Amino acid sequence: MSRIAGRIATLLVSLAGLLFVTFALGRLLPVDPVLAVVGDRAPPDLYAKVAHDMHLDRPIAIQFALYAAAMARGDFGQSSSTGQPIMSDIARFFPATLELATFAIVIGVGLGIPTAVFCVRHAGRLGDHLGRIVSLLGLSIPVFWLGLVGLLVFYAKLGWVGGPGRTDVAFQYSVPVVTGLAVVDAMLSGDWAAVQDALSHLVLPGGILGLVAFGYVTRMTRGFLLWQMGQDYVTVARLKGLSEAAILWRHALPAATGPVLTVILWTYAYLLEGAVLTETVFAWPGIGLYVTQSLFAGDVPAVLVGTLVIGAVFMLINQCGDLVQAALDPRSRAR
Amino acid sequence: MPQPSTLTRRSAIALAAGLLARPGRSAAATPPEMLLIARNIDDALTLDPQESFEISNGDVMNNLYLRLLGRDPADLSSPVPGVAERWTSAPDGRSMTFQIASGLVFESGRPVTAEDAAFSLQRGILLGKTPSFITRQFGWTRDNVREMVRADGATLVLRFARPYAPDLVLSAMTAGIASIVDRVEVMAHEKDGDLGNNWLRTHSAGCGPYRLADWRPKEAFVLAASPRFSGPAPGVKQVIVRHVPDPSAQRLLLEKGDVDVALDLRPDQLRAVASNPALHLEPMPRGSVFYVALNQQHPILAKPLVWQALRWLIDYEGISSNLFHGQLRINQSFLTEGVPYAIQETPYRLDVAKAKQLLAEAGHPDGFSITFDAVSISPYNDLAQSLQASFAQAGVKLDLKIADISQVLSRYRQRRQDMIVFVKALDYNDPNSIADFFTRNDDDSDANTNRNAAWRNHWVIPELTQRTTDATGEQDPARRRAIYADLQRKVMTDSPLLLAFQQIDTAATRAGVAGYRGGLCFDSTYYARIRKS
């Protein structure tokens with residue numbers, strides 16, 4: 001119990017630190033935040049009123065105190081680039097990223113772990129080299145380029161997948177928004193064509209991000225497994241006559257679960273930050289696009305809350321990872 | 001561990017293929033009663049017509065509301081009836097009377113009255129949001145606007161603090177801030193004295209051809225034809241403006257037929273699709289002008305001979321033809337073709353020898369080095385690089401400071417730049433919309449709240465400022481024309497503001513889309529006139 005309390009305390013301290021850093025960054029930007037709200041041609045009294053409402057006429061320490069107090073009250077403010085409460089923006093944009101990231105991580109893990117096992121099974125031989133090259137490609141090809149080429153080939157030329165956007169317009173307004181996840185909402189609506197459409201839009205951006213996840217997961221898992229394969233218990237298992245496949249799947253992989261799980265969770269957290277370039281190319285209204293566009297529009301409050309939410313998600317996943325690892329591995333509980 | 005049977009594996013593959021196969025996609029087309037527009041709409045902030053001033057939802061506003069007066073895209077020369085059907089100006093130029101058209105109905109079903117018109121114009125001043133500068137110029141304030149703008153039966157009477165040129169007033173009444181809103185509906189949603197502002201930001205209450213069906217910021221606008229619209233029924237029942245930030249994605253969607261119109265294609269992409277018979281390119285010349293400004297605080301840039309030299313160092317022809325393929329048109333006066341009283345003179349071209357000679361006379365035979373601010377997106381960054389290359393031919397070294405627009409604008413408004421390339425858009429179709437920006441500097445101190453181009457560059461011009469004011473009150477069109485001709489020639493030939501190009505936007509549409517047009521202002525497309533075949 002006290003361990004969970006300790007974790008919550010760690011989480012809160014980290015969040016407070018994040019709050020301060022995001023605020024400081026927001027104030028360091030060489031941008032006039034009032035201009036973002038009122039535009040270039042605003043009458044001077046409107047300019048002064050908005051500056052006052054944003055507390056910009058107060059000392060910076062007071063500004064931070066007011067900001068932190070508002071956050072503690074749950075008042076996240078209004079975005080100056082959408083005119084909406086920031087929380088309702090985030091509630092609208094985050095599910096899009098969640099859907100993309102979840103699809104990508106399923107692809108990444110589903111392909112990455114078997115590929116890693118295959119590489120280790122053929123360590124140092126052609127199969128291993130091929131697996132490593134493919135995973136390196138996933139890591140190193142720029143996603144915006146892959147996205148554009150993917151669209152050109154699979155959408156424009158072959159017509160296998162849907163184009164930019166989360167659904168075709170025909171379904172955009174016929175499927176009621178329940179969870180904000182297009183595929184799930186389509187399933188809930190019972191419209192099979194809508195499910196097909198949502199999947200056809202998800203598969204390309206999700207697949208491309210999945211390739212990135214695949215790259216990380218494969219390379220890291222391969223490393224962990226190779227280390228395990230050099231351990232004494234593997235030698236013992238070989239002496240006992242177990243097949244290499246059985247050793248890999250039933251002994252080495254379970255033993256490497258802790259670090260592999262950590263890599264998977266970190267990759268998932270990274271994907272949940274929102275992939276700005278993928279979201280831009282695919283007109284995917286996700287959190288990465290939201291924060292980036294807010295940043296370019298000088299919409300500091302939205303950037304701060306967006307960063308805070310991403311940071312909080314990251315920390316939560318991290319803590320979940322620790323808890324799961326503790327459950328799986330008795331050694332980590334002692335730490 | 002049991003292995004999945006071949007049969008199940010096959011079924012899984014078949015299922016996945018079935019899910020992803022998209023029969024008929026190659027023949028994709030949008031429904032005939034729907035117009036789908038791809039556009040970057042990330043700057044859209046509010047749909048309250050007395051507040052909205054963002055480019056990307058300007059067209060949407062133009063279709064949700066009728067304004068006091070309208071514009072005919074086919075003939076931009078004079079205003080056409082909007083909510084008002086007739087108007088007369090008092091001989092002394094101090095008031096104007098508008099007859100409100102009968103038979104107009106708001107989307108709520110209420111008839112449009114002169115009270116609604118008066119309320120809407122008063123509301124612009126009382127809210128005091130960004131576009132209110134357009135109507136504040138008539139001397140209207142929060143304290144006097146209820147006196148100056150009054151309904152009288154079926155007429156609307158506007159009074160002014162001093163005489164104003166009738167065509168200036170009429171043009172201002174074609175601007176978005178003169179959109180007529182449903183007084184009863186808006187006031188029913190008033191909270192804390194906000195005149196319904198908070199509600200109207202996300203709703204519509206007009207008498208235009210369309211009503212707002214849905215708006216999801218950074219996702220889409222959905223407009224549905226208003227059943228109560230009194231004019232001819234719109235050719236498309238539904239208009240969706242979908243947020244597609246990437247121009248390459250816009251092009252793919254358009255070529256594929258998944259959208260009808262793409263509005264943000266880059267010059268190279270427009271050139272690439274120009275030969276596609278399934279598409280049509282509609283140029284929309286705007287009243288926006290790109291200019292290079294020289295801050296007079298800098299001792300070198302304050303020399304008139306340097307102003308002259310730099311004018312001869314811009315590669316007008318190369319930029320217009322080769323770099324932008326006609327998306328920027330050479331325009332050396334501050335008014336563009338189509339704006340009343342514009343002069344069409346282009347005396348300058350790239351002439352390095354002449355520039356060198358002028359620089360030598362100014363005491364800089366080997367040129368000089370200077371910082372140059374530009375926004376990090378096209379056309380600003382491309383213009384900056386082209387200027388850097390051509391200026392270098394005379395030894396003028398530009399140290400480019402490329403940054404995001406919010407940073408560049410912040411610096412410019414604080415007058416911290418040396419040299420900059422920037423744009424001025426036409427807010428309403430009257431020469432004063434632009435002249436007020438270039439030839440007025442009432443007070444060069446930091447206390448001045450009118451931070452226009454002359455002020456931002458410390459260009460102190462009491463005489464031109466007076467002439468600019470005179471032009472707004474001039475009742476005789478011939479004399480008004482003469483004043484603006486003088487002002488344009490003065491800025492063109494003898495000022496630190498180097499006017500260079502007019503912006504030509506291009507709408508790329510499917511060939512079956514007819515009637516997509518745009519006027520000089522950013523909010524001048526009428527969706528109701530569009531037909532699809």
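Chain A is the first sequence line, chain B the second, and so forth, proteins listed ahead of strands; every chain is numbered from 1. Because the structure is predicted, anything quoted here is derived from the model rather than measured.
Ranked by non-hydrogen atom pairs under 4.5 Å with chain A, the options B:Arg136, B:Glu51, B:Glu255 are led by B:Arg136. Chain A forms the most heavy-atom pairs under 4.5 Å with one residue out of B:Val222, B:Thr46, B:Val259, and that residue is B:Val222. When each of B:Arg201, B:His243, B:Lys218 is checked for heavy-atom pairs under 4.5 Å with chain A, B:Lys218 comes out on top. Contact tally against chain A (heavy-atom pairs below 4.5 Å) for B:Val244, B:Leu253, B:Asp214, B:Thr202: the top residue is B:Leu253. Highest contact tally toward chain A, considering only B:Pro245, B:Ala220, B:Ala403, B:Ser132, is held by B:Pro245 [criterion: heavy-atom pairs under 4.5 Å].
With respect to the salt-bridge test (charged N to carboxylate O, under 4.0 angstrom), the residues A:Asp89 and B:Arg216 do not qualify. Between B:Arg242 and A:Asp168 there is no salt bridge, since no side-chain N of the basic residue sits under 4.0 Å from a carboxylate O of the acidic one. Ionic pairing of B:Glu219 and A:Arg92 is present here: one or more N-O contacts between side-chain nitrogen and carboxylate oxygen are shorter than 4.0 angstrom.
Within a 6.0 Å sphere centred on CZ of B:Arg142, other residues, nucleotides and ligands contribute more than 12 heavy atoms.
To the nearest 0.5 Å, atom CG of residue B:Asn198 and atom CD of residue A:Gln78 are 6.5 Å apart.
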Show, in sequence, the C-alpha distance, side-chain angles and deciding distance for A:Leu148 and B:Asp246, and conclude whether the side chain to side chain contact (heavy atoms under 4.5 Å, CB included) test is met. CA-CA 10 Å; A:Leu148 282 175; B:Asp246 185 54; 3.8 Å; yes
Derivation and outcome, side chain to side chain contact (heavy atoms under 4.5 Å, CB included), residues B:Trp215 and A:Gln84: CA-CA 11 Å; B:Trp215 172 34; A:Gln84 308 290 313; 4.1 Å; yes
Could you walk me through whether A:Leu46 and B:Lys129 pass the side chain to side chain contact (heavy atoms under 4.5 Å, CB included) check? CA-CA 7 Å; A:Leu46 176 68; B:Lys129 301 292 186 182; 4.3 Å; yes
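The parts of B:Asp42 that come within reach of chain A are both its backbone and its side chain, each placing non-hydrogen atoms under 4.5 angstrom from that chain. Contacts between B:Ala44 and chain A at a heavy-atom distance below 4.5 Å involve the backbone alone (N, CA, C, O). The parts of B:Leu252 that come within reach of chain A are both its backbone and its side chain, each placing non-hydrogen atoms under 4.5 angstrom from that chain. For B:Asp427, the part lying under 4.5 angstrom from a heavy atom of chain A is the side chain only. The part of A:Tyr47 that comes within reach of chain B is its side chain, from C-beta onward, which places non-hydrogen atoms under 4.5 angstrom from that chain. Only the side chain of A:Phe93 comes within contact range of chain B, with heavy atoms under 4.5 Å apart. Contact annotation for A:Pro164: both backbone and side-chain heavy atoms come within less than 4.5 Å of a heavy atom of chain B. A:Leu152 touches chain B through backbone and side chain together, each having a heavy atom under 4.5 Å away.
A cation-pi arrangement is present between B:Lys256 and A:Tyr155 under the rule of less than 6.0 angstrom and at most 45 degrees off the ring axis.
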